[in-house]
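A quick write-up on the structure given underneath.
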Amino acid sequence: MPFDPREVEPKWQARWREARLHRTTFDPKKPKFYALDMFPYPSGAGLHVGHCEGYTATDVLTRWKRMQGWNVLHPMGWDAFGLPAENYAIKTGIHPRVTTEQAISNFRRQIDSVGFAYDWEREVNTTDPRYYKWTQWIFLQLFKKGLAYESVMPINWCPSCKTGLANEEAAGGRCDRCGTQVERKDLRQWMLRITAYADRLLEDLSEVDWPESTLAMQRNWIGRSEGAEVVFRVADGPAAGAELRVFTTRPDTLHGATYLVLSPEHGLVESLTAPEQRTAVTDYQSAARLKSDLERTELAKEKTGAFTGSHAVNPINGERIPIWIADYVLATYGTGAIMAVPAHDQRDHDFAVKFGLPIRQVVRPVDGAPPEPGKAFTEAGTAVNSGELDGLPTAEVKQRVVATLEARGQGRRTVSYRLRDWIFSRQRYWGEPIPIIHCAKCGAVPVPEDQLPVTLPEVERYEPSGTGESPLATIPEWLETHCPQCGGPGRRETNTMPQWAGSCWYYLRYLDPANDKEPWSKEAERQWMNVDLYVGGAEHAVLHLLYARFWHKVLFDLGHVTTKEPFKKLRHQGTVLAYTYVDAAAHYHELSEVELRGEDAFLRATGEKLKVQVEKMAKSKLNGVNPDSVVAEHGADVLRLYELFMGEFELSKPWDPRAIEGCGRFLRRVWRLVEEHGTARAPEGDPHLRLRHKTTQRVTADLERLQFNTAIAALMTYTNELVSKGSTREDLTTLVKLVGPFAPHLGDEAWERLGGTGFLLEQDWPPFDVALTVDAQVTYAVQVNGKLRGSLEVERGTPEAEVRERALALPNVVRQLEGGKTVGKVIVVPDKVVNIVVR
RNA sequence: GCCGCGGUAGCCCAACUGGUAGAGGCGCUGCGCUCAGAACGCAGAGGUUGCGGGUUCGACUCCCGCCCGCGGUACCA
């Protein structure tokens, strides 16, 4: 009987469910393995094959670990707060809870249809009050530790979403969510003081096993730089005598500072501006305010700026230097002001040239090369034009200048970070309410912990109020309350948390998801933390992973968790790309309209030849692949196998609707071997003994390194051998156990067919004998001057002298030595190569 | 620009610390089975390892310089 996935797969899924096979258990005598997938936002579009790649990988690994006798935790849940459901609610009036629930059921159905072994008894949902009660609780711990504070600041404002955005959500001057041009608006915001943890977030990266690229991105994002703060005193104009602080990484170039630049938003600009410069300065400020970040950065090849009319005194040499404003200086980095050293900073150089400001060289290259025209010399060198410091190397000049400044109280060593505090409030409905009550007398008062959760009230309309407040501000009966501290009238905080909040700690809730007394028990935390393998997309390399690490460290400091880092090992699955078919008019066509002939593709309707490309899956390109259709056509096991066989796990690779056939063929061969067992002619003895052990070793080692594609290839090789040479019972039980984690439905069906009892997951992973994984005979490649001239079959471990002798005696080698050539060195690499050097 | 990753057969991809470039899959060609096809089985073709230099007895692998592709990021003082 052929293998019919449509019948077999639902059968085993039902049996697994009935047996509660995927329920997590914990035996203290066994090692533990906590495998975590980045939980999805349950969108209306459903799962796509890209999600399935990561999920299949962790599923295979956890099935394998269970067979090896480990305690396994492999949960799944929903990052279900978020804009799409809310925007849909604004359009249709349907509560986000309703659409979210629908999307979740669909996701769960899809996940089950692929046969993933999640323990649904630990499912979490960030929008469930029983979950966000604890998200709010963690916020209160941050608040009590002084890490959450309110601040009025110019924030990125999306006029379409009518909400504030963090800088990283407004990248390129456009809203992360809807693409609308971002404006600036002053709003009261809740902030989280992530900068207080900057150094630890940086240092502890050395403890984790993460991709080097992700570590680099986190380091760059934190952007620690050591330098000095230098104090300049304003020399003239309306603000004479005031202090101006600048941050520099090159205090050694202070002698070359020929002017100062403040960002247009700097607090002192107003008072510094001389009357005759007033118009120029305010004009420049308003122009800068209208510019998007994009225009201020990428598009601005030409430097712009305005002179304030005031001067400052350079503390190292008493020189009077002009103070300018320019938008290439950012208000949010350092002190929002710089000392400009045009000879040794390219931006300052460009600016000085444009506005005719003096350029003074104070560092000379060690090799004495003359300055390149139009370019700043930005490297370390030797001091010149720096008074008594002349001739000293950059490193020492830095020390001396800072020491001088410190002695005079005009500066100090300091560290600056690129990382900024985290804007933690959104003017939105569909998010966790921030558990704070505002009281005229007591200020911002935390909601007592025994009153959590602060639940989301029902509302009539989901639109933001448009004034910068969330829809929650329009519900007086929810809004008006009393102050928990003094009992007077109080008003609830109307801001909600950003989507990142729920995902900052979900891996902890999985440990103890039903606990209503505490977010997780100490016992569960000690048993399972930290996460042994975290798998998800590289797009979360910075934000989510940095925010979650930050919360984790705060929880560590408060004694709620026992590990410094949450995720010990991290891996990213590669993007799944797909073929697109484009006609001469640049229209995309979906695969069903296309006929494939060899390498070429033709439009069925007209016969037109189409351009075949590989692109990221997108609706507009009609190249999305839905796992439902793959399961319907090929079955879940084939989908799973192909997800991992496509190519190296961490690289992007194209989904090829034809190549998947090969995985189907492979599984059918495995099934046929099992089905014909007993009826087909059995081989004599155990001819595949060595190959069986080699294959087991190979698959085991490849799983350890997440090299699924090569593990599957090894299984194919073994299967091909069994098909052509016949198989023993031992061959088949081993094969089925090795294939089981990849194709669990076929695995269990085959296991049952072979007369096995219980589920494959309850069987032991096959052992291997290293002695049997090496061949007794080895073949030497025999080279003369690096060119292959013959081969030599000998017993493994044959003494070098004998190998050399026999190699030199090979007829083909002897011929190479004719004509009076002499043999020089002879290199023998044990069991591999003999290279004879001849002159 | 900078950081990270990649470039091996028509395509997707293997190749352990430098040791005979090929495991697997797709596609292609031929053969068997078949009335025929599908399915299945058997066999086969296909290469300047992106380019140029270097180190070495020996380089896909190490070093230097380029080219191309993907991802990230950027007046960060």
Side-chain angles (χ1 to χ4, degrees), chain A residues 2 171 211-217 219-221 223-225 227 246-250 253 261 293 296-298 300-301 303 326-330 332-341 345-348 350-351 416-419 538-539 541-542 572 574-575 577 579 596-599 612 614 616 641-642 645-648 650-663 665-666 668-669 672 698 701 707 709-717 719-720 723-724 779-791 824-838:
Chain A
E212 201 46 55
S213 57
T214 306
L215 293 174
M217 278 190 241
R219 289 192 192 105
N220 292 340
W221 191 265
R224 182 181 200 274
S225 29
V246 307
F247 174 73
T248 179
T249 54
R250 293 292 302 272
T253 62
V261 188
D293 281 354
R296 275 176 77 149
T297 58
E298 256 159 291
K301 296 289 170 221
K303 292 278 178 288
D327 62 11
Y328 80 91
V329 175
L330 306 177
T332 47
Y333 183 75
T335 60
I338 61 153
M339 59 180 220
V341 185
D345 181 282
Q346 193 57 46
R347 294 155 300 179
D348 297 343
D350 295 344
F351 191 86
S416 192
Y417 298 91
R418 181 184 175 275
L419 182 71
E539 65 273 21
V542 178
H572 305 299
T575 320
L577 309 170
Y579 289 93
L596 300 174
R597 272 178 251 150
E599 279 308 294
V612 181
V614 173
K616 204 167 170 170
L641 204 66
Y642 184 61
F645 186 62
M646 273 186 288
E648 195 177 312
E650 306 205 64
L651 299 180
S652 62
K653 55 246 149 187
W655 183 274
D656 185 339
R658 287 179 295 182
I660 192 173
E661 292 287 352
C663 292
R665 273 175 213 156
F666 164 64
R668 285 195 293 276
R669 295 180 124 205
R672 205 151 37 81
R698 183 72 201 261
Q707 296 195 355
N709 54 334
T710 51
I712 294 167
L715 289 169
M716 288 174 166
T717 307
T719 302
N720 290 346
V723 165
S724 66
T779 308
Y780 274 90
V782 180
Q783 302 172 336
V784 177
N785 287 342
K787 279 196 176 140
L788 186 65
R789 297 298 179 191
S791 63
K825 238 198 303 189
V826 178
I827 294 119
V828 179
V829 181
D831 300 331
K832 290 206 169 120
V833 158
V834 181
N835 190 13
I836 301 158
V837 184
V838 166

Does [X] reach a base, just sugar-phosphate, or nothing at all? Heavy atoms under 4.0 Å.
X: A:Asp348; value: nothing
X: A:Ser225; value: sugar-phosphate
X: A:Pro654; value: sugar-phosphate
X: A:Thr717; value: sugar-phosphate
X: A:Ala713; value: base
X: A:Ser724; value: sugar-phosphate

[X] side chain, from C-beta outward: closest of [options]:
X: A:Ala216; options: B:U73, B:C3, B:A77; answer: B:C3
X: A:Glu648; options: B:C75, B:C42, B:A14; answer: B:A14
X: A:Leu651; options: B:C57, B:C5, B:A77; answer: B:C5
X: A:Leu330; options: B:A77, B:C5, B:C3; answer: B:A77
X: A:Val329; options: B:G41, B:U20, B:A77; answer: B:A77
X: A:Asn709; options: B:C13, B:A77, B:C57; answer: B:C13

[X]: partners by side-chain contact (heavy atoms from CB on, under 4.5 Å), with sequence neighbours left out:
X: A:Asn785; answer: A:Val837, A:Val838
X: A:Ser652; answer: A:Thr575, A:Leu577
X: A:Ala659; answer: A:Tyr642, A:Asp656
X: A:Leu651; answer: A:Glu648

Query raised in the report: With a 4.5 Å heavy-atom cut-off, do A:Ile338 and A:Tyr328 have their side chains touching?
Result: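 A side-chain contact under 4.5 Å exists here.
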
Looking at [N], I'd like to know if its phosphate oxygens (OP1 or OP2) sit under 4.0 Å from a side-chain N or O belonging to [X].
X: A:Arg665; N: B:G27; answer: yes
X: A:Arg789; N: B:U20; answer: no
X: A:Arg668; N: B:C40; answer: yes
X: A:Arg658; N: B:C12; answer: no
X: A:Arg219; N: B:G4; answer: no
X: A:Asn220; N: B:C2; answer: no

Any-strand Watson-Crick or G-U partner of [N], both distances under 3.5 Å:
N: B:A43; answer: B:U29
N: B:G52; answer: B:C64
N: B:C2; answer: B:G72
N: B:A38; answer: none

Separation between the [atom1] atoms of [N] and [M], rounded to whole Å:
N: B:G6; M: B:A14; atom1: C1'; result: 16 Å
N: B:G25; M: B:G41; atom1: P; result: 10 Å
N: B:G50; M: B:C67; atom1: C1'; result: 7 Å
N: B:A15; M: B:C75; atom1: P; result: 40 Å
N: B:G1; M: B:U8; atom1: C1'; result: 31 Å
N: B:A45; M: B:C5; atom1: C1'; result: 34 Å
N: B:C12; M: B:U17; atom1: C1'; result: 28 Å
N: B:A9; M: B:G47; atom1: C1'; result: 6 Å

Can you measure [X] atom [atom1] to [N] atom [atom2] for me and round it to whole angstrom units?
X: A:Lys653; N: B:G24; atom1: NZ; atom2: C1'; result: 16 Å
X: A:Asp350; N: B:A74; atom1: CG; atom2: C1'; result: 15 Å
X: A:Leu577; N: B:C11; atom1: CG; atom2: P; result: 16 Å
X: A:Tyr642; N: B:C12; atom1: OH; atom2: C1'; result: 7 Å
X: A:Leu215; N: B:G72; atom1: CG; atom2: C1'; result: 14 Å
X: A:Phe247; N: B:A77; atom1: CZ; atom2: P; result: 7 Å
X: A:Phe666; N: B:C26; atom1: CZ; atom2: P; result: 12 Å
X: A:Trp655; N: B:C26; atom1: CH2; atom2: C1'; result: 14 Å

If you restrict it to nitrogen or oxygen atoms, what contacts under 3.5 Å exist between nucleotides 43-50 of chain B and the protein, and what is each distance?
none

**Report entry** Residue that, paired with A:Thr253, satisfies side-chain contact (heavy atoms from CB on, under 4.5 Å) out of A:Val341, A:Asp348, A:Asp345
**Finding:**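 Only one option passes, and that is A:Val341.
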
Query raised in the report: Between A:Arg789 and A:Val782, is there a donor-acceptor pair closer than 3.5 Å when you use the side chain of the first and the backbone of the second?
Result: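 Such a contact is absent between A:Arg789 side chain and A:Val782 backbone.
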
Filtered N/O pairs between nucleotides 15-19 of chain B and protein, under 3.5 Å:
residue : atom : partner  : partner atom : Å
B:C16   : N4   : A:Lys832 : NZ           : 3.4

